[in-house]
Amino acid sequence: MQKQRFYAPNNVIEPYQYDIAQNYIEVYQPSTEINDLIETYLILKLIKRENEFSKFKYLISKFQNDISTNFPISIFEINYDSIEIFYKDIFWELVLSLGKINKDDASQFDSYIKNITSGQ
């Protein structure tokens, strides 16, 4: 697993990291690794929000498609401990945005949370 690229308080990339974000975009490769997917999601939010990144708007559909395609079918397949500590809130935001949790998952979700909190 690679090191976290972004410090993202409030679940957004801060302006002082825009050079890192631009480099990420320029060398972007699709990935199935959860931290890479979270970073792609952060970049996607940045492209949508900041005029400074408007020249990359043509990548919005590619990034959305890559995230949707490469994100595990079930969140229960993800090793939560492998998620960088500062990305955990963003992970849940991404899960919700992809619609990866529904009411039919309640019992499985309960077990997943218990495993996370017990350190298994």
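When all heavy atoms of Ile47 and Lys57 are compared, the closest pair comes out as O-NZ, 3.1 Å.
Taken from CD in Gln64 to NZ in Lys48, the straight-line distance is 4.5 Å, to the nearest 0.5 Å. Atom CD1 of Ile13 sits about 5.0 Å away from atom CG of Leu42, to the nearest 0.5 Å. One finds the CD atom of Gln29 at 10.0 Å from the CG atom of Asp66 (value rounded to the nearest 0.5 Å). Taken to the nearest 0.5 Å, the CD1 atom of Ile38 stands 10.0 Å off from the CG atom of Asn11. Residue Ile25 holds its CD1 atom at 5.0 Å from CD1 of Ile43, rounded to the nearest 0.5 Å.
When hydrophobic clusters are built by joining Ile, Leu, Val, Met, Phe, Trp and Tyr residues whose side-chain heavy atoms come closer than 4.5 Å, directly or via intermediates, Ile67 is not grouped with Leu96. Residues Phe86 and Val12 fall into different hydrophobic clusters, defined by Ile, Leu, Val, Met, Phe, Trp and Tyr side chains chained together at heavy-atom separations under 4.5 Å.
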*asked:* Before you tell me yes or no, could you show the steps for Phe6 and Tyr87 under ring pair (Phe, Tyr, Trp, His ring centres under 6.0 Å), namely the whole-Å CA-CA distance, both residues' side-chain angles and the distance that decides it to 0.1 Å?
replied: CA-CA 9 Å; Phe6 304 108; Tyr87 288 173; 7.5 Å; no
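No more than 12 heavy atoms of other residues, nucleotides or ligands shown are found within 6.0 angstrom of CD1 on Ile73.
Residues Ile83 and Asn35 have side chains in contact (heavy-atom distance under 4.5 Å, counting atoms from C-beta outward). At least one side-chain heavy atom of Thr40 sits under 4.5 Å from a side-chain heavy atom of Tyr24.
Without hydrogens or angle criteria, Ser68 side chain to Asn65 main chain gives no donor-acceptor distance under 3.5 Å. A donor-acceptor pair is defined here as one N or O able to donate and one able to accept, closer than 3.5 Å; such a pair exists between the side chain of Glu33 and the backbone of Asp36.
Using cut-offs of 30° and 60° on the angle between ring planes, the pair Tyr80 and Phe91 is perpendicular.
Close placement of the Phe63 and Tyr28 rings is indicated, their centers lying within 6.0 Å of each other.
For Glu93 and Lys45, the salt-bridge test passes: some basic side-chain N is under 4.0 Å from an acidic carboxylate O.
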